[in-house]
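This report concerns only the one structure given below.
Just so we're on the same page: letters track the sequence lines, and every chain starts at 1.
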Amino acid sequence: MASISKICLYKPFSLSFSGSVKDQTLLQRCNFPATCILREQVPLKNECRVFAQMPERTGTGVSAYLRETGTGENGDYARNDLDISHLISVLKFCGGEGCLEFGRTYHGLIAKTGLDGDEFVNTSLIDMYAKCGDIDSALMVFNQMPRLDVASCNCLISGYANCGLFEEAFRVFMNYESWGNRPNSYTYSSMLAICGILSAIEEGKQLHAQVVKMQYLSETAVSNALLTMYCKCEAMADAESLFERLPQRNIVSWTAIINGLYQHEGFEKAMRLFCLMRESGIEPNEYTFTIALASCGNMKNIDYCRLLHALVIKKGMALGEFVGTALIDMYSELRETDDAEKQFKEMGNLTSKVSRNALIKGLVQNGKANEALDAFTCASLPSFMSCQQIHAQVVKANFDKNTQVGSSLIEAYTRCGSVEDAEKVFSRISAPDVVSWNSVIKAYSQNGNPRRAISLFRRMIMKGFRPTGSTFLAVLSACSHSGKTQDGLEIFQSMINEFGVSPEEAHYSCMVDLLGRSGQIEKALDFINNTPIKPTASIWRPLLAACRCHNNLRIAEFAAKHILAIDPNDATVYVTLSNMYTEAGLLENAENQRELMKLKEITKEPGCSWIEVNNKIHKFFSRDRTHPESEKIYDKLKQIMMLIKGTAYSTNADSLQVKEDFCLYHSEKLAVCFGLISLAAGKPVRIFKNLRVCTDCHMFMNDNYRFHHFNEGGCSCGDYW
DNA sequence: CTAGGGTTAG
């Protein structure tokens with residue numbers, strides 16, 4: 001066996017390894033928290049499934065044992081109570097599910113009961129740790145073993161491979177001899193897989209020679225690993241001739257070679273082998289179908305594609321994650337995007353990120369960029385990075401001059417607060433339409449450059465475009481924010497008289513804001529009283545905000561009364577009023593007290609204090625995905641993301657400050673926002689201390705705030721944006 | 001009683 005240690009490392013094995021998807025999920029799963037292991041009523045799915053899968057062994061089984069004794073603090077263990085084979089099956093389960101903490105608890109139990117001398121138990125422990133990605137613990141158990149056997153070395157090798165530590169895996173392999181062991185067939189399959197990942201064909205060939213010498217070729221796992229190794233090393237001739245000569249072939253062997261051919265664009269050949277396989281009496285499974293569908297799609301043979309699809313449905317595999325995605329891909333390849341979308345829809349909640357990406361790719365490549373953008377849902381979530389990614393793809397697909405695509409991109413960038421990118425996109429649209437103009441005007445109006453919004457509006461009209469209701473909303477809002485009250489009034493008139501656009505609630509709300517902001521409180525009130533529609537809360541609110549800015553307590557009370565008549569749960573009203581009373585020195589005003597009382601009742605309603613919410617966020621973002629509230633919080637987050645639009649992504653968490661009393665009133669919203677901001681800034685979530693908020697409109701205040709701007713100490717409270 | 005091999009998008 002001297003030749004084993006002669007295996008040369010032709011390539012540097014200290015590769016940095018970003019990790020396959022599988023490894024990443026594995027590592028993620030390793031963050032599984034150590035929680036409530038023995039309380040079955042707590043819905044922690046993995047732990048509970050351990051119990052659920054345990055065979056019933058009344059009185060002697062580990063689960064029953066643990067249930068009776070608690071976490072094991074009693075310490076009074078009788079060795080007989082533990083069944084080794086049962087223990088091993090639990091460890092195996094932990095490894096498979098990534099339940100590191102659960103496995104650790106078992107390790108403790110094993111150590112306490114003195115079972116850590118058992119060879120099989122130790123091997124299972126090494127494997128459990130290795131599979132959970134905790135290679136240090138695996139190594140610790142390994143080093144403490146009184147005698148090293150092949151199986152434990154093998155576990156260590158696959159553990160290293162799992163973590164991308166291929167050089168270490170090779171080191172273990174070359175030490176077999178010095179430990180008095182000989183590699184067995186398991187060792188070779190693992191090592192060959194590593195060579196495949198590294199494209200290390202020289203090493204793979206040496207291992208091949210060993211395999212032949214040791215007569216392991218008849219073991220399908222070994223020969224399949226060899227096959228895959230050659231395929232991954234681009235040595236298809238070697239792979240094919242090996243496959244021809246294989247003494248034993250199973251479904252995995254067939255899948256390996258078919259996949260190899262597919263990966264090297266031998267689609268026809270892959271399909272020929274697929275047929276041969278079926279003729280030889282082996283039925284394809286999900287793995288094989290996935291590749292066959294992909295090959296078929298690449299061949300653009302629509303009849304065969306439909307045939308395969310039918311077969312897959314017959315076997316009940318059409319909605320599986322892999323096969324389902326392959327079907328989407330196949331139909332995209334055939335340019336049958338309707339079928340691709342149909343497949344995606346049929347998958348319902350079985351769809352994954354991958355299947356969605358497949359659909360999007362298909363739509364983009366088939367010229368359905370708008371549908372693709374819809375599928376992205378990018379415009380609804382302010383993520384600057386995904387906007388850029390989408391934009392890059394759009395440019396690559398040569399859609400950046402397209403009118404509709406461009407407008408969608410402008411909207412997306414606007415939500416992220418990046419007005420520069422929005423304008424860049426606009427300038428590249430070859431034939432901008434009204435929607436494009438509206439989008440770019442809105443971009444400036446909402447992102448701190450109202451003057452530019454107004455000048456773009458004028459240019460738009462000069463170019464002969466007919467402004468719509470949305471155009472006016474953006475422009476009036478811009479006028480309001482830049483103090484151009486007179487312009488705003490004129491534009492509002494021309495909207496009705498010149499362009500025949502009838503104002504809606506949002507326009508009225510905007511006009512109230514325009515008047516109120518300039519200090520014309522009485523005029524704003526007049527305006528409200530003269531609207532042809534019944535004033536809504538959204539129309540009254542900017543008046544209240546204006547009163548707050550300009551210290552008009554009388555009209556503030558009047559506006560507050562109207563808002564509360566419509567929306568009695570609007571806590572902002574109470575906050576604004578109580579602040580105004582306080583500032584007016586009416587601290588002990590009975591009315592103020594009553595408002596505060598009401599306020600408390602309201603803030604109690606949602607059910608949790610800001611500390612509770614903050615704790616929940618804490619748990620959620622410290623990867624405790626099993627927290628029973630995490631789904632709810634996530635939904636809330638998405639909601640809040642919509643609300644605060646691009647702010648989280650365009651502000652610096654450090655420069656934000658919270659007014660603590662306001663936190664108490666609007667705790668939930670703020671806590672969630674803060675969690676989001678910290679997340680966006682790549683910082684751990686902390687209890688919010690340094691966030692400053694406009695006391696009237698809930699929004700964050702900050703000097704270099706791109707999205708939300710302030711003039712003369714006020715802020716742009718209002719509902720219209 | 002422990003360990004190994006094949007799949008989807010970007």
Side-chain angles (χ1 to χ4, degrees), chain A residues 20-22 83-92 95 115 118-128 130-131 138 141-142 145 149-159 161-162 172 181 183-194 196 211 216 219-229 231-232 246 248-260 262-263 277 284-295 297 317 320-330 332-333 347 351-362 364-365 386 389-390 392-393 396:
Chain A
S20 67
V21 174
K22 195 178 144 201
D83 177 325
I84 289 187
S85 69
H86 191 183
L87 203 54
I88 288 170
S89 74
V90 171
L91 288 174
K92 188 174 183 172
L115 285 169
D118 185 278
E119 201 173 87
F120 286 90
V121 169
N122 275 327
T123 304
S124 303
L125 273 172
I126 294 169
D127 195 45
M128 182 276 294
K131 284 204 168 77
V141 178
F142 184 82
M145 279 180 78
D149 72 330
V150 197
S152 51
C153 298
N154 287 344
C155 287
L156 199 60
I157 285 191
S158 50
N162 256 340
V172 175
N181 281 324
N184 64 11
S185 62
Y186 286 84
T187 324
Y188 283 108
S189 20
S190 299
M191 290 309 299
L192 285 165
I194 293 175
V211 163
Y216 286 145
E219 296 216 16
T220 48
V222 177
S223 52
N224 294 342
L226 259 175
L227 260 182
T228 312
M229 184 273 294
C231 290
K232 289 198 170 151
L246 276 189
Q248 298 277 336
R249 293 172 192 166
N250 62 7
I251 179 78
V252 181
S253 331
W254 284 97
T255 311
I257 190 71
I258 293 173
N259 184 42
Y262 164 71
Q263 297 291 343
M277 181 186 83
N285 59 14
E286 271 105 337
Y287 285 84
T288 334
F289 270 125
T290 303
I291 304 156
L293 289 166
S295 305
M317 296 175 181
E321 188 185 348
F322 281 80
V323 175
T325 306
L327 279 167
I328 295 174
D329 235 20
M330 182 187 80
S332 306
E333 204 61 64
M347 286 169 76
T351 54
S352 65
K353 205 164 77 188
V354 182
S355 56
R356 179 175 294 270
N357 283 348
L359 177 72
I360 290 161
K361 180 197 163 204
V364 170
Q365 289 183 342
S386 40
Q389 279 168 10
I390 296 155
Q393 273 202 28
K396 212 168 140 191

Open item on the list: Between the base of B/dT7 and the ring of A/Phe322 - centre-to-centre under 5.5 Å, planes within under 30° - is that a stack?
Closed with: yes
Open item on the list: Using a 4.0 Å heavy-atom cut-off, does A/Lys353 contact any base of the nucleic acid, only the sugar-phosphate backbone, or nothing at all?
Closed with: nothing
- [ ] Using whole Å, report how far CH2 of A/Trp254 lies from P of B/dT7.
- [x] 17 Å
Open item on the list: Using the rule side chain to side chain contact (heavy atoms under 4.5 Å, CB included), only one of A/Ile251, A/Thr255, A/Val252, A/Val323 pairs with A/Tyr287; which is it?
Closed with: A/Thr255
- [ ] Please confirm whether the backbone N or O of A/Thr288 pairs with a side-chain atom of A/Asn285, one donor and one acceptor, at under 3.5 Å?
- [x] yes
Open item on the list: Taking donor-acceptor contacts at under 3.5 Å, does the side chain of A/Asn224 reach the base of B/dG4?
Closed with: no
Task: N or O in side chain of A/Lys131 less than 4.0 angstrom from B/dT2 OP1/OP2 - done: no
Task: A/Ser124, nearest nucleotide to its side chain (from B/dT2, B/dG5, B/dT8) - done: B/dT2
- [ ] Begin with the C-alpha distance, continue with both residues' side-chain angles, and end with the deciding distance and a verdict on side-chain contact (heavy atoms from CB on, under 4.5 Å) for A/Ile291 and A/Gln263.
- [x] CA-CA 9 Å; A/Ile291 304 156; A/Gln263 297 291 343; over 6 Å; no
Task: Euclidean distance, atom CG of residue A/Leu125 to atom C1' of B/dT2 [Å, nearest integer] - done: 11 Å
Task: Sugar-phosphate, base or nothing in reach of A/Thr220, heavy atoms under 4.0 Å - done: base
- [ ] For A/Met347 and A/Thr351, work out which heavy atoms get closest and say how close.
- [x] CB-CG2, 3.6 Å
TODO: Answer with base, sugar-phosphate or nothing: what part of the nucleic acid does A/Val222 contact at a heavy-atom distance below 4.0 Å?
DONE: base
Open item on the list: How many whole angstroms separate atom CZ of A/Phe142 from atom C1' of B/dT2?
Closed with: 14 Å
Open item on the list: I'd like to check the side-chain contact (heavy atoms from CB on, under 4.5 Å) partners of A/Ala358; sequence neighbours left out, ordered by chain and number.
Closed with: A/Thr325, A/Ile328, A/Asp329
Task: Candidate nucleotides B/dC1, B/dT8, B/dA9, ranked by approach to the side chain of A/Ala358 - the nearest - done: B/dA9
TODO: Could I get the full list of salt bridge (Lys or Arg N to Asp or Glu O under 4.0 Å) partners for A/Glu333, not counting sequence neighbours?
DONE: A/Lys300
- [ ] Check every strand shown and say whether A/Ile251 touches a base, only sugar-phosphate, or nothing at a heavy-atom separation below 4.0 Å.
- [x] base
Task: Residue A/Cys155, side-chain atoms from C-beta onward, closest of B/dG5, B/dT8, B/dA3 - done: B/dA3
TODO: Indicate, with a heavy-atom threshold strictly under 4.0 Å, whether A/Ser190 touches base, sugar-phosphate, or nothing.
DONE: sugar-phosphate
Open item on the list: Regarding B/dG4, can its base be found pairing with the side chain of A/Glu219 as donor and acceptor, where the two atoms are less than 3.5 Å apart?
Closed with: yes
Task: Given B/dA3, B/dA9, B/dG6, the nucleotide with the shortest approach to the side chain of A/Val354 - done: B/dA9
Open item on the list: Just N and O in the side chain of A/Asn259: are any of them under 4.0 Å from OP1 or OP2 of B/dT7?
Closed with: yes
Open item on the list: What is the separation between atom CG on A/Asn181 and atom C1' on B/dA3, rounded to the nearest whole Å?
Closed with: 12 Å
Task: Distance-only donor-acceptor test (3.5 Å): side chain A/Thr290, base B/dT7 - done: yes
TODO: Taking only the side-chain heavy atoms of A/Thr288 (C-beta and beyond), determine which of B/dG6, B/dG5, B/dC1 contains the nearest atom.
DONE: B/dG6
TODO: Starting at atom CG of A/Leu91, determine the distance to atom P of B/dT2, rounded to an integer number of angstrom.
DONE: 12 Å
Open item on the list: What's the closest nucleotide to the side chain of A/Gln263 if the choices are B/dG6, B/dT8, B/dG4?
Closed with: B/dT8
TODO: Tell me which nucleotide among B/dA9, B/dT2, B/dG4 gets nearest to the side chain of A/Ala221.
DONE: B/dG4
TODO: Provide the closest heavy-atom pair for A/Asn184 versus A/Tyr216 in the form atom of the first, atom of the second, distance.
DONE: CA-OH, 3.4 Å
TODO: Using a heavy-atom cut-off of under 4.0 Å over every strand shown, decide if A/Gln248 touches base, sugar-phosphate, or nothing.
DONE: nothing
TODO: Report the nucleotide, chosen from B/dG5, B/dT8, B/dT2, that has the shortest atom-to-atom distance to any side-chain atom of A/Asp329.
DONE: B/dT8
Open item on the list: Please report the distance, rounded to the nearest Å, between CD1 in A/Ile258 and C1' in B/dG5.
Closed with: 15 Å
- [ ] Whole angstrom is fine here: how far is it from OH in A/Tyr186 over to P in B/dC1?
- [x] 11 Å
Task: Closest nucleotide among B/dT7, B/dA3, B/dG6 to the A/Asp127 side chain - done: B/dA3
Open item on the list: Let's see if you can work this out: which of B/dC1, B/dG6, B/dA3 has an atom nearest to the side-chain heavy atoms of A/Phe120?
Closed with: B/dC1
Task: Interatomic distance, A/Tyr216 OH vs B/dA3 C1' [rounded to whole Å] - done: 13 Å
TODO: Tell me what A/Asn285 touches on the nucleic acid: a base, only sugar-phosphate, or nothing, going by heavy atoms under 4.0 Å.
DONE: base
